[in-house]
Number of protein chains: 2
Amino acid sequence: MNITEIRNKLKGRGLKVTPQRIAVLEAVTILKDHPTAERIAEYIRKDHPDIATGTVYKILEKLVDNKLIMKVKTDKDIMRYDAILYNHHHLYSAQSERIENYFDEELDQLLRDYFEKKDIPDFRIEEIKLQIMGKFLDKE
Amino acid sequence: MNITEIRNKLKGRGLKVTPQRIAVLEAVTILKDHPTAERIAEYIRKDHPDIATGTVYKILEKLVDNKLIMKVKTDKDIMRYDAILYNHHHLYSAQSERIENYFDEELDQLLRDYFEKKDIPDFRIEEIKLQIMGKFLDKE
DNA sequence: ATTATTGCAAAGACTTTGCAACTCC
DNA sequence: GGAGTTGCAAAGTCTTTGCAATAAT
């Protein structure tokens, strides 16, 4: 995702395009490891040493409100962010803070079929996400 | 779950049995709505007005470490707890803080079957939880 | 008697807020 | 020019920590 694309995403939501917003959205996009606000601020400071921490938080919240990024649930109390918006699941390491995306169209279809037949009483499903806990077998 | 059961759970883990620990474990068990630490402390103070907030946090952490309760992941940064330990899923309200348990053996079987055939590269699954986001249609 | 746990208060981590100065459209 | 955004610092919220006093085994 290049700068022009980022500008357009912001504009498309009626948000003013500022260097800080570009930097934050770019950072969340580039840092694919579901970064914390702290990590995002640190990354941005390479190019924008003066960005305030409060600004990063404000921008992240605004981007979430405007559905340009998402929050990721974790067991810990530190919020993490994700720039991938189409439906996907997460692989969580049982032993570290690592979180990876998991895409599986076939699984999504299976779940849609399943819940078409099976009704949850008093509940209308909008979205289903899997949290898959386990062990990464590679370099982790 | 009565007091004796609670005492036994604590003993079974080699934990000293104190009134505070009994109260915390009992509270998480009774409050089935995935309470926050704050809510748990408030509940306990009905009978133990002097319990310290720090103590509640320490005990919750110890219970989690000893797998007597679990943390529940949320989009918010406040931790919530659950005394139900066997595998289950969660229904999240898209508009409020409500979280309900969802049990579905058939679904669990479906997922087991699915992932027996379909391998996730470099990952060994230990547990799968669904986060089902949507709208509660009852009194909410 | 020994070791762990509690209460308290202070510190810590993460996040939000208020507001004047500044930018974007 | 006007509305929205930024930087800064202070405040807020949730959680953890250190330690002397206390309670459990």
Side-chain angles (χ1 to χ4, degrees), chain A residues 3-4 6-25 27-28 34-45 47-66 68-69 71-81 97, chain B residues 3-4 6-25 27-28 34-45 47-66 68-69 71-81 97:
Chain A
I3 304 296
T4 308
I6 288 175
R7 300 183 76 93
N8 286 339
K9 283 204 174 189
L10 292 169
K11 273 193 202 155
R13 292 292 178 169
L15 297 174
K16 278 190 185 172
V17 178
T18 67
Q20 293 87 341
R21 285 186 174 164
I22 293 172
V24 170
L25 185 46
V28 181
H34 309 86
T36 61
E38 192 55 47
R39 178 80 188 84
I40 292 163
E42 174 196 325
Y43 180 87
I44 291 173
R45 292 215 174 86
D47 291 325
H48 302 254
D50 296 335
I51 194 168
T53 304
T55 300
V56 173
Y57 278 102
K58 280 178 195 161
I59 292 175
L60 285 169
E61 199 192 325
K62 185 132 287 199
L63 296 179
V64 170
D65 289 349
N66 283 277
L68 291 174
I69 62 174
K71 294 184 172 185
V72 179
K73 297 170 201 290
T74 79
D75 269 343
K76 304 290 153 39
D77 58 352
I78 304 175
M79 193 52 59
R80 296 173 62 166
Y81 298 88
E97 296 305 302
Chain B
I3 304 296
T4 308
I6 288 174
R7 301 183 75 91
N8 287 339
K9 284 204 173 189
L10 291 169
K11 272 193 203 153
R13 292 292 177 168
L15 298 173
K16 281 190 183 170
V17 178
T18 67
Q20 292 87 342
R21 284 185 175 166
I22 293 171
V24 170
L25 185 45
V28 181
H34 310 85
T36 61
E38 192 55 47
R39 177 82 186 85
I40 292 163
E42 174 197 324
Y43 180 87
I44 291 172
R45 293 216 173 87
D47 292 324
H48 302 254
D50 296 334
I51 194 169
T53 304
T55 301
V56 173
Y57 278 101
K58 279 177 194 160
I59 292 175
L60 285 169
E61 199 192 325
K62 186 133 286 201
L63 296 179
V64 170
D65 287 349
N66 283 278
L68 291 175
I69 62 173
K71 293 186 173 184
V72 179
K73 295 172 202 291
T74 79
D75 269 342
K76 303 292 153 37
D77 58 353
I78 304 175
M79 193 51 58
R80 295 173 66 163
Y81 298 89
E97 297 306 301

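Below, chain A is the first sequence line, B the second, and so on; all start at residue 1.
Across the interface with DNA chain D, nearest-nucleotide mapping of B:Tyr81 and A:Ala52 shows A:Ala52 to be the residue nearer the 5′ end. Mapping B:Pro19 and B:Thr53 onto DNA chain D by nearest heavy atom places B:Thr53 at the nucleotide closer to the 5' end. For B:Lys62 and B:Asp50, each mapped to the nucleotide of DNA chain C holding its nearest heavy atom, the one lying further toward the 5' end belongs to B:Lys62.
If you take CZ of A:Arg21 and C1' of D:dT5, they are 6 Å apart, rounded to a whole angstrom. In this structure, A:Asp65 places its CG atom 11 Å from P of C:dT16, rounding to the nearest Å. Atoms CZ (A:Arg39) and C1' (C:dC14) sit 17 Å apart, rounded to a whole Å. In this structure, A:Glu61 places its CD atom 13 Å from P of D:dT6, rounding to the nearest Å. Taking atom CG of residue A:Leu60 and atom P of nucleotide D:dT6, one finds them 11 Å apart after rounding to whole Å. In this structure, A:Leu63 places its CG atom 10 Å from P of D:dT6, rounding to the nearest Å. We find that CG of A:Leu10 is positioned 10 Å from P of D:dT6, with the value rounded to whole Å. One atom, CZ of A:Arg80, and another, P of C:dT15, lie 12 Å apart when rounded to the nearest Å.
In this structure the side chain of B:Tyr81 never reaches within 4.5 angstrom of the side chain of B:His34, judged on heavy atoms. Two residues are said to be in side-chain contact when any heavy atoms from C-beta on lie closer than 4.5 Å; A:Thr55 and A:Val24 fail this criterion. Using a 4.5 Å heavy-atom cutoff, the side chains of B:Arg21 and B:Lys16 are in contact.
Tested against A:Leu68 for a side chain to side chain contact (heavy atoms under 4.5 Å, CB included), the candidates A:Val28, A:Leu10, A:Leu60 yield a single pass: A:Leu10.
Side-chain nitrogen and oxygen atoms of B:Gln20 include none within less than 4.0 Å of the OP1 or OP2 phosphate oxygen of D:dA23. One finds no side-chain N or O of B:Tyr57 lying less than 4.0 angstrom from the OP1 or OP2 phosphate oxygen of D:dT16. The phosphate of D:dT5 has neither OP1 nor OP2 within less than 4.0 Å of any side-chain N or O from A:Lys58.
An angle of 40°, rounded to 10°, separates the two end axes of the helix from C:dA1-D:dT25 to C:dC25-D:dG1, each defined over five pairs.
Across C:dT6, D:dT15, D:dG7, the shortest atom-to-atom separation from the side chain of B:Ile59 is found for C:dT6.
A:Lys16 contributes a side-chain N or O that forms a donor-acceptor pair with the base of D:dA3 under 3.5 Å.
Nucleic acid contact class of B:Thr18 (heavy atoms, under 4.0 Å, all strands): sugar-phosphate only.
Taking every heavy atom of both residues into account, A:Val56 and A:Ala37 meet most closely at CG1-O, 4.1 Å. What you find for B:Val17 and B:Ile22 is that their closest heavy atoms are CG1-CD1, 3.6 Å.
Under the 4.0 Å criterion applied to side-chain N and carboxylate O atoms, A:Arg45 and A:Glu42 are not assigned as salt-bridge partners.
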